[in-house]
**Q** 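Below is the structure I would like to discuss, written out as structure tokens.
Bear in mind the structure is a predicted one, so any value in this text is a computation, not a measurement. Atoms within a ligand are numbered from 1 in the order they appear, just like the ligands themselves.
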Amino acid sequence: MTKRIFRSTCFVAIAVLIACIVLIMGALYSYFSSVQMNQLHMQTALAAQGVNNEGLSYFDGLDISDYRITLVSPDGSVLYDCRADAGTMENHLKREEIQEALKNGEGESRRFSSTLSESSLYCAQKLNDGSVLRLSVAQKSIFTLVLGMSQPICVVLVVAIVLSLYLAYRLSKNIVRPLNELDLDDPLSNNDGYDELSPLLKRIDRQQKQLKRQANEMQKKQDEFTAITESMNEGLILLNPKGTIISINPAAAKLLDAGQFSKGKNILTVNRSLALQEVISDAVAGKSAEKIIELHERHYQVDASPVISDGAVGGIVLLLFDVTEKEDAEQLRREFTANVSHELKTPLHSISGYAEIIKSDLISPEDIKPFASKIYSEAQRMIQLVEDIINLSHLDEGADSMSFEDCDLYLMAQDTVANLSSEADASDITVTLSGDPAVIKGVPHMLSGIIYNLCDNAIKYNRPGGKVNIDIRDLASSAILSVRDTGIGIPPEHQNRIFERFYRVDKSHSKEVGGTGLGLSIVKHAAKIHGAKVSVESTPGEGTCISLEFPK
Ligand code: ADP
């Protein structure tokens with residue numbers, strides 16, 4: 001801007017200067033012309049006086065180099081000319097100044113001579129004898145005038161140009177200084193320069209304030225967003241349509257081992273999982289997609305949603321959340337369904353086989369009874385299995401739907417011993433109960449189920465003549481139930497797995513003794529609902545002790 005003002009000012013100053021010089025030269029030229037004409041009139045009058053007094057002898061020895069004197073007779077013939085031979089000169093009667101002098105006594109004219117390329121001034125005066133005396137002088141052209149004054153003009157021009165340059169420089173600096181000194185962050189603070197700028201500065205000030213407000217709001221929103229995403233357990237990633245990470249929260253960075261400088265990198269350089277690539281390509285195509293990926297030995301669901309703006313995909317939002325529990329439960333459910341089907345199929349096949357044989361009359365009437373008892377025992381197994389499954393599904397519903405009340409474990413154990421006495425006698429097992437009454441908060445039928453299953457197993461997996469002892473201890477902060485037997489024991493490698501659904505150490509033995517493989521899972525589940533800790537001690541061939549510690 002300074003340069004522009006400087007250039008404009010210089011241009012104006014020099015243009016004005018040149019115009020002034022031209023105008024002044026014009027005025028000078030016209031002034032000099034009139035002065036020259038007046039002088040010529042005076043010279044002519046003096047010369048006419050001389051010729052009137054002295055006649056043609058006046059011209060003798062006259063040295064007038066700048067002037068030309070011509071004497072013309074009243075008929076126009078030239079009587080004398082100081083520069084040419086009068087005899088050879090043409091008739092001058094028609095000359096404007098001669099005619100005027102003959103008529104009025106005095107005349108003047110101005111003519112351009114193309115041969116001399118200059119104009120001449122003529123002045124004529126009528127003499128006493130009727131002839132006319134004419135003086136002429138060459139008038140200097142304006143070019144000659146300028147040429148003659150070229151030196152002072154040049155000096156003036158140089159001085160004026162230097163002065164213009166200096167003043168233009170100072171002027172442009174002064175004009176621009178208030179603008180340079182403006183504080184655009186606070187434009188109204190220093191507006192001493194130009195009143196004309198006030199509306200503009202007020203508007204800039206308003207816009208600055210508006211921008212500041214908007215920036216503050218955006219910062220607030222950004223802070224809120226950051227606070228939310230940073231405290232999220234779920235991973236949140238924002239990508240542009242090319243897959244470059246725009247934002248990634250700490251949970252996602254940790255899950256993908258992305259590190260803190262992953263912003264700006266392509267997501268595929270951070271994780272190359274095929275499932276991730278597929279959901280991203282779907283989102284880029286404008287479709288929402290979800291897939292399960294495995295990270296750090298856990299399962300995560302990745303939801304990819306496209307962000308549509310102006311009809312095109314402007315970005316992608318990836319949400320990663322832990323679905324390990326859900327996946328495990330799903331897996332468990334699948335396994336459970338397969339196991340249940342399998343477990344039910346075996347007794348059904350047996351029942352169907354025995355019934356078919358009876359139907360076909362291939363057996364003697366005395367064999368019908370053993371067949372019927374086999375059908376009965378298989379049906380009992382199925383009933384037991386279905387009951388266990390129903391129990392488990394009740395337990396799966398959790399503690400919310402159950403009512404807790406005071407339960408005495410000792411009394412419950414007494415009932416169980418009584419209920420299982422016939423089985424114990426049949427297997428030649430002695431069941432004893434020791435300890436004290438211990439009252440805890442619990443669901444009665446569940447606690448009975450725990451004691452029953454543990455005692456039932458202790459009898460089932462025992463030897464003839466073996467012993468089972470149920471011990472109840474009432475401690476200050478907990479109650480302990482232990483069921484100890486002198487049975488076959490559980491090998492160490494199986495001890496961790498006996499609480500799994502349908503897990504049996506010896507499948508055929510378990511089936512022989514009517515086991516379903518669900519008893520201990522019911523125990524574990526019920527114990528979990530009561531907050532009890534389960535522990536197993538067992539030595540193969542010597543016996544097993546399963547204890548539960550119930551908090552009070
Ligand atoms: P089941 O209905 O087959 O008894 P459980 O879940 O009650 O199923 O027990 C799982 C497995 O644990 C049993 O098949 C058995 O092999 C083993 N087991 C449980 N209790 C005892 C015990 N007291 N002594 C020896 N083995 C046992």
**Q** Going by heavy-atom distance to atom 25 (C) of ligand 1, choose the closest among Y461, F502, F499.
**A**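 Answer by nearest heavy atom: Y461.
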**Q** Would you mind telling me if ligand 1 is within reach of the side chain of K460, the backbone, both or neither, using heavy atoms under 4.0 Å?
**A**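 Just the side chain.
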**Q** For atom 12 (O) of ligand 1, which protein heavy atom lies nearest, and how many Å away is it?
**A**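 Residue, atom and distance for the closest contact: I498 CG2, 3.4 Å.
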**Q** Please confirm whether the backbone N or O of K265 pairs with a side-chain atom of T269, one donor and one acceptor, at under 3.5 Å?
**A**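 Pair absent, no side-chain N/O of T269 close to backbone of K265.
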**Q** Identify the protein heavy atom lying closest to atom 17 (C) of ligand 1, giving its residue, its atom name and the separation to 0.1 Å.
**A**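 Result for atom 17 (C) of ligand 1: V505 CG2, 3.9 Å.
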**Q** Write out the residue and atom name of the closest protein heavy atom to atom 3 (O) of ligand 1, then the distance separating them to 0.1 Å.
**A**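 I find the closest protein heavy atom is S510 OG, 2.6 Å.
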**Q** To check your reading of the model: name the closest protein heavy atom to atom 10 (C) of ligand 1, its residue, and the distance in Å.
**A**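 Checked against all protein heavy atoms, atom 10 (C) of ligand 1 sits closest to Y503 O, 3.2 Å.
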**Q** Select one of side chain, backbone, both or neither to describe which atoms of D485 lie under 4.0 Å from any atom of ligand 1, heavy atoms only.
**A**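 Side chain only.
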**Q** If you have a sec, work out which protein heavy atom is nearest atom 8 (O) of ligand 1 and how many Å separate them, to one decimal?
**A**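 Closest protein heavy atom to atom 8 (O) of ligand 1: G517 CA, 3.2 Å.
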**Q** For atom 26 (N) of ligand 1, what's the nearest protein heavy-atom neighbour? Residue, atom name and distance, please.
**A**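 Scanning the protein heavy atoms, the shortest distance from atom 26 (N) of ligand 1 goes to I490 CG1, 3.2 Å.
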**Q** Would E542 and R484 pass as an ion pair if we require N to O under 4.0 Å?
**A**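 No, no charged N to carboxylate O under 4.0 Å.
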**Q** Just go through N453, D506, N457 and tell me whose heavy atom is the nearest to atom 19 (C) of ligand 1.
**A**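 Closest candidate by heavy-atom distance is N457.
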**Q** For ligand 1, which atoms sit closer than 4.0 Å to a heavy atom of G515?
**A**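 Per the distance check, 1 (P), 2 (O), 3 (O).
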**Q** Any idea which atoms of ligand 1 are less than 4.0 Å away from a heavy-atom of G519?
**A**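 Listed by number with element: 5 (P), 6 (O), 7 (O).
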**Q** Is a side-chain donor or acceptor of D474 paired with a backbone partner of A438 at a separation under 3.5 angstrom?
**A**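 No, D474 side chain to A438 backbone: no donor-acceptor pair under 3.5 Å.
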**Q** Just how far is it from atom CG of L481 to atom CG of L409, taken to the nearest 0.5 Å?
**A**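 Going from the CG atom of L481 to the CG atom of L409 covers 6.0 Å.
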**Q** Is it the case that over 12 heavy atoms from other parts of the model lie below 6.0 angstrom from the NZ atom of K291?
**A**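 Result for NZ/K291: enclosed.
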**Q** Test side-chain hydrogen bond (donor to acceptor under 3.5 Å, both in side chains) on N339 and E335; report intermediate values, then the result.
**A** CA-CA 6 Å; N339 281 329; E335 278 175 20; 5.4 Å; no
**Q** Are any of the side-chain nitrogens in D322 or R298 under 4.0 Å away from the carboxylate oxygens of its partner?
**A**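 Salt bridge between D322 and R298, a charged N being under 4.0 Å from a carboxylate O: yes.
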**Q** Check the orientation of F6 and Y169. Use parallel for under 30°, tilted for 30 to 60°, and perpendicular for over 60°.
**A**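 The arrangement is perpendicular - the two ring planes meet at more than 60°.
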**Q** Start with the C-alpha distance between K441 and F550, add both sets of side-chain angles, then the distance that settles side chain to side chain contact (heavy atoms under 4.5 Å, CB included), and finish with yes or no.
**A** CA-CA 9 Å; K441 280 263 179 238; F550 293 92; over 6 Å; no
**Q** At what distance is the nearest protein heavy atom to atom 6 (O) of ligand 1, and which residue and atom is it?
**A**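 Its nearest protein heavy-atom neighbour is L520 N, 2.8 Å.
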**Q** With backbone taken as N, CA, C and O and side chain as the heavy atoms from C-beta onward, which portion of T544 lies under 4.0 Å from ligand 1: side chain, backbone, both, or neither?
**A**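 The answer is the side chain of T544.
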**Q** Taking 4.0 angstrom as the limit and counting only heavy atoms of T516, give me the atoms of ligand 1 inside it, by number and element.
**A**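 Those atoms are 1 (P), 2 (O), 3 (O).
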**Q** Examine F404 together with H530 and report whether their ring centres are nearer than 6.0 Å.
**A**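 Distance test on ring centres: under 6.0 Å, yes.
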